[in-house]
Amino acid sequence: MATIAASRIKRELKEVKADAELIKDDVSVELMDNSYLALTGEIPGPKDTPYEGGTFHLKIIIPETYPFNPPQVSFTTKIWHPNISSVTGAICLDILKDQWAAAMTLRTVLLSVQALLSLPEPDDPQDAVVAQQYKENQDAYRRTARHWACAYAGAKSSSRELDEKVERITEMGFNESDARDALSSTDWDVGRAVEKLMS
Amino acid sequence: MLPGEMFELLVKFDGQCCSVAVEAAWTVGRLKSEFAHCHSDDGLKPSDIEVIFCGKKLADELILQDCELQETSTVFATRKRSPRRCDDDASSMPGMDRPPEGRPEGYRSLGADMADLEPQVIQGIMSEEAGSHEQEPSTLHTGKMKPQIYVYCKSQCHSIQPGKLRVCCRTCKGGTFVVHQDPSCWEDVLTPFSISGVCQSDGCSGTIAEFYFKCGRHPTSDDYRAVALDLIKCNTRNVICLTCEDVRDRVLVFPCPARHTICLDCFAEYCQVQLNERRFTADGELGYTLPCPVRCPGSLIKETHHFRILGDEQYARYQRFGAEECLLQGGGVLCPAPGCGAGLVPDPGSRRVECVQQAGHGCGLVFCRECRNAYHPGDCDTTVAQPVTDGGGDAYTVSTERAAQAQWELSRSRETIRQTTKPCPKCKAPVEKSGGCMHMVCTVQQCKFEWCWVCSIEWNHQCMADHWFDVNG
């Protein structure tokens with residue numbers, strides 16, 4: 001019954017808009033239409049993370065069976081994170097799956113997603129490539145995540161070196177985002193990235 | 001009903017039921033006189049009679065309407081017992097354990113002292129029950145609180161209704177039973193042998209009370225029983241619903257330590273969603289049930305009649321699912337033939353299962369317990385589902401199984417299932433992947449196997465590293 005879902009979301013929306021903690025962090029959520037079943041969220045990259053300065057957008061789809069089933073939350077801004085798919089933006093977060101409980105709210109979801117950006121959990125990854133890099137080459141992970149935040153989420157002060165590498169590959173006629181994907185998953189080795197793109 | 005209005009009270013005496021026209025403002029003494037008058041042929045005198053209602057002897061001074069007596073109420077009359085039983089009588093009279101000066105204490109309804117029973121604000125529900133003859137005028141004007149029990153009325157209303165608590169003798173089932181003390185909690189009422197008393201009927205030496213419930217909406221026959229829904233309460237504390245956050249009149253309070261509270265509309269929705277997703281818990285002791293939506297430990301609902309809120313059709317579905325889960329947990333299987341689904345308990349040592357045709361059940365299919373296809377010698381072929389056939393033969397006959405296969409629509413759905421699903425490597429249930437990563441968790445309650453969509457094997461670190469997230473999967 002959509003009525004319980006809609007009336008819950010109506011209240012939760014008010015709660016989120018009035019929540020001091022979320023307002024302080026500039027976390028916000030808006031309706032996509034009048035149905036109360038589709039929302040967009042906005043989360044700024046947390047301080048002292050590679051995502052700082054970026055603004056990340058979320059798509060939140062409320063199932064008709066809400067709150068007995070979790071909302072479907074995904075990133076619409078591309079992001080490099082072990083628990084978020086770099087391809088689809090799907091989030092691997094237990095409370096959005098089997099640990100969901102009807103007493104949780106949009107506020108819980110937003111705070112949890114924000115916390116996930118600060119504290120990745122590489123042992124339960126959504127994106128295995130990112131997770132592997134995070135575990136084996138923290139520095140490459142940080143630089144890549146930072147580069148993505150600048151390229152897609154509007155963060156400033158990107159690394160000139162990485163930008164140039166992307167440029168070098170796009171000059172060969174490859175699409176920019178494909179070039180970035182390939183470089184990111186090869187620890188920015190241009191030769192291997194090109195090889196990957198050709199295969 | 002107005003104070004001066006006459007109504008019919010049913011009086012049971014010596015196994016006979018007779019109706020007495022009374023006024024709500026009459027005393028019990030007047031009722032006794034009236035009743036004795038009807039039985040003057042037997043030489044019955046008012047002073048010989050005891051009137052028993054809800055486990056209590058009614059004192060002569062009490063006013064009928066104060067005892068919650070109304071149209072369709074049944075009281076029990078007995079001859080006063082011999083002096084031998086006088087000591088029992090002393091404790092059973094309301095107020096008799098206090099000095100007997102002045103008027104005896106007013107009537108207290110059965111269960112009024114139950115600590116875990118919320119009183120109902122009579123005025124609060126008047127709009128809903130306007131015109132009903134349930135409320136006595138005296139309580140209406142004073143806004144008195146009265147404890148409220150809810151029941152599921154199985155035979156007439158088919159819905160959740162305010163109920164009445166009644167007591168009888170466990171031995172003779174007669175209503176002429178006087179309790180030694182009122183029940184003080186649901187446990188007293190629901191646990192047999194909790195409350196003792198004395199049966200007043202001749203020739204019965206019963207000493208144990210048996211509680212039962214009636215629907216408060218209509219008159220009921222002697223053998224009528226309603227099921228008490230002990231978790232449903234009147235929301236006198238104005239607790240918000242866990243789910244919709246509204247404050248509603250009637251709520252269900254889960255037995256978890258936090259006593260999580262949900263309104264009845266949301267509870268119905270919760271049950272329906274969990275049923276549709278087959279997420280009920282098959283508990284060995286309590287049956288097919290649900291925890292509170294926060295999933296607190298100890299929150300499983302004990303009385304499964306609470307799920308009657310689903311309505312008759314969905315409750316039947318609930319019962320079927322529950323029976324299936326019970327069968328599967330006990331090592332049984334369900335026949336895979338379309339439209340059959342008969343529950344079978346196969347021989348543990350054998351892969352060959354026959355859906356035996358008997359008494360209108362079963363379809364005769366012989367299938368493999370491992371792959372759920374037609375029975376075959378040798379290993380199961382898990383790549384392509386084998387069509388179920390009758391095993392050949394050159395006579396031009398079509399078996400019922402083959403006829404089931406050869407249906408236009410069915411063949412399409414079968415094909416779709418084959419193309420879009422993979423069997424769970426453990427329980428073989430066809431699984432459709434509608435999105436997300438390659439890490440699959442079987443949704444079948446007793447399976448919950450974690451497996452890799454790409455490799456069809458148990459989920460492992462290698463799969464996690466190689467193809468956890470593969471777009472083309």
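Being a predicted model, the structure only gives us computed values, none of them experimental. In what follows, chains are A, B, ... by sequence order, proteins preceding strands, each numbered from 1.
- In the displayed structure, B:Lys422 atom NZ is contacted under 6.0 Å by more than 12 heavy atoms of other residues, nucleotides or ligands.
- For A:Gln99, the parts lying near chain B are the backbone and the side chain together; criterion is any non-hydrogen pair under 4.5 Å.
- In this structure, chain A has no heavy atom under 4.5 Å from any part of B:Gln272.
- Atom CD of A:Glu21 is surrounded by 12 or fewer heavy atoms from other residues, nucleotides or ligands within 6.0 Å.
- Counting non-hydrogen atoms of neighbouring residues, nucleotides and ligands closer than 6.0 angstrom, the CD atom of B:Glu313 reaches no more than 12 such neighbours.
- More than 12 heavy-atom neighbours from other residues, nucleotides or ligands sit within 6.0 angstrom of CD on A:Gln138.
- Listed here is the closest heavy atom pair of A:Arg11 and B:Glu245: NH1-O, 3.2 Å.
- Using a 4.5 Å cut-off between non-hydrogen atoms, the part of residues 289-304 of chain B that approaches chain A consists of B:Pro293, B:Val294, B:Arg295.
- Minimum heavy-atom separation, A:Asn69 to B:Arg279: OD1-NH2, 2.5 Å.
- Atom CG of A:Asn34 sits in a sparse spot, with 12 or fewer heavy atoms from other residues, nucleotides or ligands closer than 6.0 Å.
- Judged as a salt bridge (charged side-chain N to carboxylate O under 4.0 Å, His left out), the pairs with a partner in residues 167-176 of chain A (not counting sequence neighbours) are, in order, A:Arg160-A:Glu167, A:Glu176-A:Arg180.
- Both the backbone and the side chain of B:Asp246 come within less than 4.5 Å of a heavy atom in chain A.
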